[in-house]
Amino acid sequence: MIWLIANNSFISVVDSIVSETVQGTIEQLYLNSSSFFTLLLIKGLVSSVITIIQSVLTLFICVLLVPSVQAVFFIQWLSVLPLFLISIFSLIGLGIMCASLALKYKSISSFYSMVSSIVFGILTYGAVFISSKTALTLLFPFAEANAAIQQLLLRGSSLTPNTLTVILCNDGLYLLLGYLCLKFLIIKSKEGGSLSKF
């Protein structure tokens, strides 16, 4: 479920821009929003919240219908959801970075699928290793949060202030990179005529 929530947060932002670009309505989307970055951020947040709600409902149904799934696991899952909401911004920032490439390059679906596979493969299998190296936790979005969530679920350990600081720094870094990449590629797209109505 961790992977599903993380992947949907990233993919939803990219898919929305790619589909708008393919349909030819990206200019209208850009014109009708006061802040294109805020619009993409909200799309990512909404997708994350919907996926989190789906995960809670799925787990609740499993607790009711599958005897081997205990209610304790459901309670543990509910306890890590606030951490999810805090840490998901780094993935949304990465999604905005990849989505902004669609403004300049029209065919990026293979690229963002590759980015998604690499990032989430590393996060899934190397979360605990990456979290032991502070520099790596800043380079990989959601790395520290993923490791913290796994530790909370598996060992019941608590969240340290240092871990929370690294997660917030990671969120800020990727949101900033997403914002800068989006602004840069909007300017380049206007110069190149991709967004020619501006």
ask   = Should L101 and M97 be marked as a side chain to side chain contact (heavy atoms under 4.5 Å, CB included) after you check the CA-CA gap, both sets of side-chain angles, and the distance that decides it?
value = CA-CA 7 Å; L101 292 173; M97 286 172 57; over 6 Å; no
request  = Under the side chain to side chain contact (heavy atoms under 4.5 Å, CB included) rule, what do I92 and S48 come out as? Steps first, then yes or no, please.
outcome  = CA-CA 9 Å; I92 294 170; S48 300; 4.2 Å; yes
CA sep, side-chain torsions, deciding dist, call: F84, W77, ring pair (Phe, Tyr, Trp, His ring centres under 6.0 Å) = CA-CA 10 Å; F84 257 115; W77 184 250; 5.6 Å; yes
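Partners of I61 according to the side-chain contact (heavy atoms from CB on, under 4.5 Å) rule, which considers only residues two or more places apart in sequence or in another chain, are L65. When the side-chain contact (heavy atoms from CB on, under 4.5 Å) test is applied to I53, the partners found at least two apart in sequence or on another chain are V49, L57. For T163, the side-chain contact (heavy atoms from CB on, under 4.5 Å) partners are E144, A148, L159, T160, I167, not counting sequence neighbours. In this structure, F184 has no ring pair (Phe, Tyr, Trp, His ring centres under 6.0 Å) partners at least two apart in sequence or on a different chain.
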Acceptor/donor pairs from residues 171-182 side chains to any protein atom, 3.5 angstrom cut, sequence neighbours excluded:
residue, atom, partner, partner atom, Å
D171, OD1, S90, N, 3.1
Y174, OH, L139, O, 2.2

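Between L41 and I96, the closest heavy-atom pair is N-CD1, 4.1 Å.
Rounding to the nearest 0.5 Å gives a distance of 9.0 Å between CD1 of I88 and OG of S47. Put simply, CZ on F60 and CG on L78 are 10.0 Å apart, with the number rounded to the nearest 0.5 Å. Note that CG of N146 is 10.0 Å distant from CD of Q151, once rounded to the nearest 0.5 Å. A distance of 7.5 Å separates CG in L164 from CG in L83, rounded to the nearest 0.5 Å. Expressed to the nearest 0.5 Å, how far CG of L81 lies from OG of S55 amounts to 6.0 Å.
Under the 4.5 Å side-chain heavy-atom criterion for ILVMFWY residues, no single connected hydrophobic cluster contains both I75 and V69. A continuous path of Ile, Leu, Val, Met, Phe, Trp and Tyr side chains, each step under 4.5 Å between heavy atoms, connects L153 with V66, placing both in one hydrophobic cluster. No single ILVMFWY cluster, assembled from side-chain heavy atoms under 4.5 Å apart, contains both I187 and L185.
In this structure, F74 places its CZ atom where more than 12 heavy-atom neighbours from other residues, nucleotides or ligands lie under 6.0 Å away.
Through direct or indirect side-chain contacts shorter than 4.5 Å among Ile, Leu, Val, Met, Phe, Trp and Tyr, I42 is connected to V46, I50.
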